[in-house]
Structure formats: structure tokens, C-alpha cells
Protein chains: 2
Amino acid sequence: MLSFTEENYLKALVQLTFFENSRQHEGQGKSEVGVNRLAAYLDVKPATVSDMARKLKVKELVDYEKYGKISLTELGKKEGMMVIRRHRLWETFLYQKLDFNWDEIHELAEELEHIHSIKLMNRLDQFLDFPSFDPHGDAIPDENGEITIPFRRTLSEVKEGKKCKMIAVNDNSIEFLKYVDKIGLKIEDEIEVLKKEDFDALTTIQFKQKQLVVSPKFTDNIFVLCATCLNAKECDC
Amino acid sequence: MLSFTEENYLKALVQLTFFENSRQHEGQGKSEVGVNRLAAYLDVKPATVSDMARKLKVKELVDYEKYGKISLTELGKKEGMMVIRRHRLWETFLYQKLDFNWDEIHELAEELEHIHSIKLMNRLDQFLDFPSFDPHGDAIPDENGEITIPFRRTLSEVKEGKKCKMIAVNDNSIEFLKYVDKIGLKIEDEIEVLKKEDFDALTTIQFKQKQLVVSPKFTDNIFVLCATCLNAKECDC
DNA sequence: TAATAAAGTTAGACTAATCTAACAATATTT
DNA sequence: AAATATTGTTAGATTAGTCTAACTTTATTA
């Protein structure tokens with residue numbers, strides 16, 4: 001059985017090697033990370049990560065050689081994915097059933113994700129009607145730790161005059177989530193890009209009969225999908 | 001913030017000093033416990049309890065002097081009660097919402113009870129419609145850690161020919177819970193005592209149109225209440 | 001390529017929670 | 001009351017996860 005701490009290392013490795021900058025890395029297979037980077041991400045000292053990397057290697061959860069990079073083994077990836085599955089299912093529960101705000105659920109899920117029970121998570125999954133995305137729009141890994149990330153683009157990439165729907169946010173900081181809440185935008189909402197101003201990169205969007213001018217700080221962090229590109233990598237939206 | 005372990009010590013102390021044998025102790029104020037007893041209950045060595053007792057004393061959670069008994073302070077009692085509140089609310093959730101069996105919920109609640117969030121527990125309480133008892137029929141402490149144990153008697157004490165309803169079980173062992181499940185008896189079910197045989201202490205009961213002969217091992221561990229004694233200490237049932 | 005910077009490792013220390021083994025205090029029994 | 005049994009304490013060790021400080025390896029740059 002994995003400890004609380006070991007699980008957090010595996011989760012962090014999944015985030016850093018599979019999710020972070022996934023568009024840049026796409027297809028490059030650069031799924032490894034340095035000791036310093038992981039240490040910074042987990043807010044511990046590099047020395048601590050060095051130690052832990054050795055321990056995780058013994059348990060065959062990571063591939064790692066002294067002075068080398070760290071990467072997840074198949075087993076390690078699966079375990080990390082399961083932590084993320086639990087995290088995202090709990091977030092969905094807190095948001096949908098207990099009426100928590102978008103910006104409150106992450107912290108609670110950080111604790112709840114460490115409850116180990118496959119049965120519990122499968123029951124919760126069923127209770128929530130098998131959601132595909134959590135309240136931030138991130139995909140929820142299935143029972144086997146598999147995740148099928150649909151092709152996503154940011155709102156910045158959508159052409160003028162096109163419509164799309166918001167499916168996720170890229171920035172999970174409380175400030176960002178509070179802003180999105182404030183303007184009244186929600187997952188699954190339809191957004192129309194009315195005008196894109198090249199000069200200062202401001203975009204005028206419309207959703208729910210409201211018009212709003214937003215900056216790249218916003219558009220870069222909203223993931224969208226349009227009806228036609230749901231399953232297609234090429235799409236003109 | 002209390003650690004996982006500290007919380008378990010406080011919970012155990014509440015169980016041993018307030019709940020266990022509460023009928024015997026009633027009114028005697030003997031709410032203290034020895035090092036060996038607590039060690040046996042927690043399945044650790046007495047040496048460990050000695051150490052922890054000193055630490056908990058520093059934190060003003062227990063009263064304790066070297067070679068003396070351990071008892072909870074007001075603060076310690078409240079913290080312990082809150083752990084029990086969380087445990088019982090989670091059990092209720094697992095049983096009512098996720099359709100877990102009676103005998104599966106305890107173990108999961110042992111983990112869930114350590115998630116600290118007052119808001120989470122209050123929301124869950126609301127979601128469950130403010131239950132007074134958990135699935136085992138034990139009272140759930142309120143937001144302030146207060147518990148009002150209603151007057152309970154065991155099925156053994158009910159006179160021949162009287163009816164009562166089951167409100168709790170005294171024995172939470174898996175074997176016992178499985179047996180209760182097997183015979184199809186549930187919290188709130190009405191039970192009629194048809195016959196009591198003094199010779200071998202067997203009792204014939206009826207519930208849901210079924211008749212069954214049970215032993216003291218059973219009747220001693222079923223708590224009941226009758227309509228007339230709900231709020232009265234004296235009752236002829 | 002040699003010097004410097006960045007990245008990573010090792011040794012030794014700390015804390016919390018546990019153990020064992022030896023010892024001390026208190027309670028019980030003859 | 002002395003002997004014995006029960007109960008509780010202390011000292012020293014262990015493990016996981018962390019730290020700091022000193023050191024080593026690898027990468028970058030002048």
C-alpha cells in the first residue's frame with residue numbers, strides 16, 4: 001500500500017510528465033522530469049526528491065538513475081492516474097452534490113483523494129452518473145486509469161465569428177476561478193467570438209446574451225470545443 | 001491541527017470513557033481510563049500510550065499525571081466528539097447514498113473521519129437531511145460535539161408480549177452485523193417479543209411477519225425503544 | 001577547453017509514532 | 001506487612017519524511 005506522500009509524488013509526476021504543457025510535448029514522448037523541477041512543484045528540497053526517487057525506484061514505480069531524470073513506469077503511471085481519478089471524482093461530488101464553489105473544492109479533494117477504496121470510487125462514480133469531466137473541465141480517468149483527452153484548443157485560437165463551448169480551464173488558481181465565476185461563465189456554456197483585435201490582443205466574446213471584452217490572460221486559459229471538432233483534430237472553428 | 005494519530009487517541013478516549021458500558025457508569029462520573037486499557041483498545045503497547053498521554057497533556061487535551069488515569073478535558077472531549085460526528089455522518093452517507101452494506105461502512109469511515117473541514121461536514125449533514133442516528137443506530141453528535149443519548153434498553157429487557165422498535169446495535173463486529181442483515185432486520189423495524197424462555201434464555205421474536213428464536217448473544221446487543229418511552233425513562237415495555 | 005553555473009547527491013540531524021527490554025510504582029493477596 | 005502480581009515508565013532503537021550544509025556531477029558559456 002502506498003503512503004500519502006508516495007501518492008503525492010506519483011500524482012505530481014503524472015501532472016508534470018503527462019498533463020503540463022501537453023500540447024507542446026504532444027507526440028514527443030518527453031515524459032520525464034528533473035529532480036529540481038519536481039522538488040519545486042512539490043515544495044520540498046531537491047535532497048528530499050533524490051531520496052524519494054530512489055525509494056520509488058525500488059518499488060518499481062519510477063525509472064531513475066543517479067544524476068538522471070525521473071519518469072513513471074507503467075505501474076507508477078497507473079497509480080498516479082488513480083489518485084487523479086479520485087481527486088476529480090471527489091471534486092465533482094463536492095460541486096454537484098454539496099454545492100461547494102468552484103474555488104473551494106480543490107483543497108478538500110487534496111485530502112479526500114487519499115482514501116483508498118476502489119469500490120468507494122466506483123460507487124461514487126455511479127452516484128454522480130459517470131461524469132467525463134470534473135467541475136474544472138478536466139477529464140476524469142476511468143477505472144483502469146485510462147484517460148482520453150479530447151482534442152482541446154484555447155479560446156485564443158478560435159477564429160472571429162465562430163462559436164464554441166467551454167469545456168475546461170487551464171489555470172486553476174483561485175483568482176482565475178473567482179473571475180470566471182464572477183462573469184457568470186460555466187462549463188458547457190456556448191461562447192461566440194465576436195471580434196479579435198490584433199493590436200492589443202483583446203477579444204470580444206458573447207455568452208448567455210452578455211458581451212465582454214477579455215484579455216489573453218483569460219482566453220489562453222479557457223479550453224473550448226465546437227460541435228464539429230468534438231471528435232476531429234481538424235476543424236475550422 | 002491534530003494529527004491522524006492524536007485524533008484516534010481522543011476518539012478512543014471518548015468511546016472508553018463516555019460510551020462504553022455507559023449504562024453501568026451512568027451518573028458515576030468515572031470518565032477516566034488506565035494506560036493498559038487504552039493501549040489494548042488501540043492495539044499499541046502501554047509504553048506508547050504513556051508517551052502520548054504526556055503529549056496530549058501538554059496540548060491540554062487530557063488530564064493525566066504520571067502513574068495516574070487518563071481523562072479528557074473539555075477541549076479533548078469536544079475534539080473526540082467531532083471525530084465521532086464525522087465518522088457517523090460518513091457512515092450514513094455510504095449507507096444511504098452509495099448503497100454500501102452495513103458491515104462495510106465502518107472501515108471506510110475510519111479513513112474519512114480524518115478529513116478536517118467543518119464546512120464539509122455541515123454540508124454533508126444537510127445533504128443527508130440532518131440524521132440523528134447513523135446506520136448502526138448510534139447518535140450523531142451535533143455541530144458542537146453535543147450528543148443527547150436517548151434512553152435505550154436492550155431487547156433482553158423487553159417484557160413478553162410487548163412491542164418495541166430497534167434503534168441501534170451494541171456489537172459492531174462484522175459477524176454480528178452480517179447476522180442481523182441475514183435475518184433481514186433493520187433500524188426502525190418493529191419487533192414483538194412473543195415468548196421468553198427462562199430456562200435457556202431464548203427469546204421468540206416477530207418482525208415483518210417473520211418469527212425467529214434468538215439467544216442472549218443477540219438480544220443483549222440490540223437496542224430498542226418503544227413508542228411510549230421515546231422520551232420517558234420509565235416505561236412498561 | 002577551462003571556468004563557471006546549474007543540477008543533483010550524500011551525510012547527518014530532526015520529529016512523530018511506534019517498538020522492546022529493563023525498571024519502578026501501585027495494588028492485591030496470602 | 002511481606003510477597004507477588006499488575007500496572008505504568010523510561011531509555012534506546014526504528015522508520016518515514018523532511019531539512020541543512022557540504023560535496024559531486026553534468027551542462028553551459030566565455
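Chain A is the first sequence line, chain B the second, and so forth, proteins listed ahead of strands; every chain is numbered from 1.
There is no side-chain donor-acceptor pair under 3.5 Å between His106(A) and His136(A). With hydrogens and angles left out, the side-chain atoms of Thr219(B) and Ser156(B) include a donor and acceptor closer than 3.5 Å.
Ile167(B) approaches Ile187(B) most closely through the heavy-atom pair O-CD1, 3.6 Å. Closest of all the heavy-atom pairs between Lys59(A) and Met1(A) is NZ-O, 4.4 Å.
Residues passing the side-chain contact (heavy atoms from CB on, under 4.5 Å) test with Glu7(A) are Leu2(A), Val83(A), Arg86(A), His114(A), His116(A), sequence neighbours excluded. In this structure, the salt bridge (Lys or Arg N to Asp or Glu O under 4.0 Å) partners of Asp51(A), at least two apart in sequence or on a different chain, are Arg54(A).
Looking at residues 57-69 of chain A, you'll see Tyr64(A), Lys66(A), Tyr67(A) sit with a heavy atom under 4.0 Å from some atom of DNA chain C.
Using a 4.0 Å cut-off, no side-chain N or O of Arg54(A) falls inside it from OP1 or OP2 of dT9(C).
Separating the CG atom of Asn36(B) from the C1' atom of dA27(C) is a distance of 13 Å, rounded to the nearest angstrom.
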N/O-N/O pairs, protein side and nucleotides 15-19 of chain C side, under 3.5 Å:
{"from": "dA17(C)", "atom 1": "OP1", "to": "Ser3(B)", "atom 2": "OG", "distance (Å)": "2.5"}
{"from": "dT18(C)", "atom 1": "OP2", "to": "Tyr9(B)", "atom 2": "OH", "distance (Å)": "3.3"}
{"from": "dC19(C)", "atom 1": "OP2", "to": "Lys45(B)", "atom 2": "N", "distance (Å)": "3.0"}
{"from": "dC19(C)", "atom 1": "OP2", "to": "Thr48(B)", "atom 2": "OG1", "distance (Å)": "2.5"}

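Ring centers of Phe93(A) and Phe93(B): under 6.0 Å apart, within the cut-off.
Every pair passing salt bridge (Lys or Arg N to Asp or Glu O under 4.0 Å) that includes a residue from residues 60-77 of chain B is listed here, sequence neighbours excluded: Lys57(B)-Glu65(B).
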Legend entry - Step-by-step salt bridge (Lys or Arg N to Asp or Glu O under 4.0 Å) determination, Lys11(A) to Glu110(A): CA-CA 11 Å; Lys11(A) 183 179 59 153; Glu110(A) 285 290 298; 2.9 Å; yes

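Once you apply a 4.0 Å limit to the heavy atoms of chain B, the touched nucleotides of DNA chain D run 5' to 3' over dT7(D) to dT10(D).
Checked for salt-bridge contact, Glu113(B) and Arg85(B) miss the test: no charged N lies under 4.0 Å from a carboxylate O.
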